[in-house]
Amino acid sequence: MDDAIAKRLPSAEDLCAMTRASLQAAFAGESQAAEKYMVFAEQAEEEGYPNIAKLFRAISFAETRHARNHLRVMGGVGSTAENLKSAFDGEAFEVDEMYPAYAEIARMQAMTQASRSVRYALRSEVDHKRMYADARTKALDGADIASDTVSVCVVCGHTVIGDLPDKCLVCSAPRECYQAF
């Protein structure tokens, strides 16, 4: 990051409880808005409104900046090993508690599309949890992970490091449905 930009970014501070709660709520709201606007941009593109799509993407970017600033002020960014532990803990909560409960609710209410969405997320989060644990082990040893391509299925979020399967192991989409990073 450019030093001139880095100097202008908010930094961590010791927060009072009410301010921390406000920033946590703002972080969640800004993060959700940013993602929602990206989906809205895709819809606008599909409907033939490229300039409205551009507006949604730009404002999504702005909302992301807001969320990142709030996270910095809350002290939510640590060392890579600390960040990997935080990411692992988040994935573990999703895998062990959140998505199993959501899956059961959707099943009991016979909500097939909600069940599908939750199933896609849960199966993907299991892999994410493992990937973060492996990366943290490397980081704690002072090493980086291999420079393999990381690919994500655009249908379900299944994430693969290295060689792609012929079809997604979660949703059976063809390998062409993976986006490489």
Can you give me the closest heavy-atom contact between [X] and [Y], atom names plus distance?
X    : Y    : result
G76  : N83  : O-OD1, 4.2 Å
P50  : G48  : CD-O, 3.2 Å
A12  : G75  : CB-CA, 3.8 Å
A173 : V155 : CB-CG2, 4.0 Å
H70  : F27  : CD2-N, 3.8 Å
C171 : C156 : SG-SG, 3.7 Å

Calculate, to the nearest 0.5 Å, the distance between atoms [atom1] and [atom2] belonging to [X] and [Y] respectively.
X    : Y    : atom1 : atom2 : value
L71  : Q24  : CG    : CD    : 10.5 Å
M18  : L23  : CE    : CG    : 12.5 Å
I161 : F181 : CD1   : CZ    : 12.5 Å
R119 : R107 : CZ    : CZ    : 13.5 Å
H128 : H158 : NE2   : NE2   : 8.0 Å
I145 : M131 : CD1   : CE    : 9.0 Å

### Message
Quick test of your reading: applying salt bridge (charged side-chain N to carboxylate O under 4.0 Å, His left out), list the pairs with at least one residue in residues 8-37, sequence neighbours left out, ordered by first then second residue.
### Response
none
### Message
With salt bridge (charged side-chain N to carboxylate O under 4.0 Å, His left out) as the rule and sequence neighbours excluded, what pairs involving residues 72-88 come up?
### Response
K85-D89
### Query
Can any side-chain N or O of S11 pair as donor or acceptor with the backbone N or O of L9 at less than 3.5 Å?
no
### Query
Is a donor on one side and an acceptor on the other found under 3.5 Å between the side chain of S117 and the backbone of Q113?
no
[X], [atom1] atom: more than 12 neighbouring heavy atoms under 6.0 Å:
X    : atom1 : answer
D163 : CG    : no
Y132 : OH    : no
R68  : CZ    : no

#### Entry: Sidechain N-carboxylate O distance under 4.0 Å for K138, D141
no
### Message
Would you call the rings of Y99 and Y102 parallel, tilted or perpendicular, taking 30° and 60° as the class edges?
### Response
perpendicular
### Query
With side chains defined as the heavy atoms from C-beta onward, is the minimum distance between E91 and E94 less than 4.5 Å?
yes
### Query
When you look at F56 and M38, which way does the side chain to side chain contact (heavy atoms under 4.5 Å, CB included) test go after all the steps?
CA-CA 6 Å; F56 276 129; M38 290 303 288; over 6 Å; no
### Message
Check for me whether R65 meets the cation-pi criterion with F61, that is, NZ or CZ under 6.0 Å from the six-membered ring centre and within 45 degrees of the ring axis.
### Response
yes
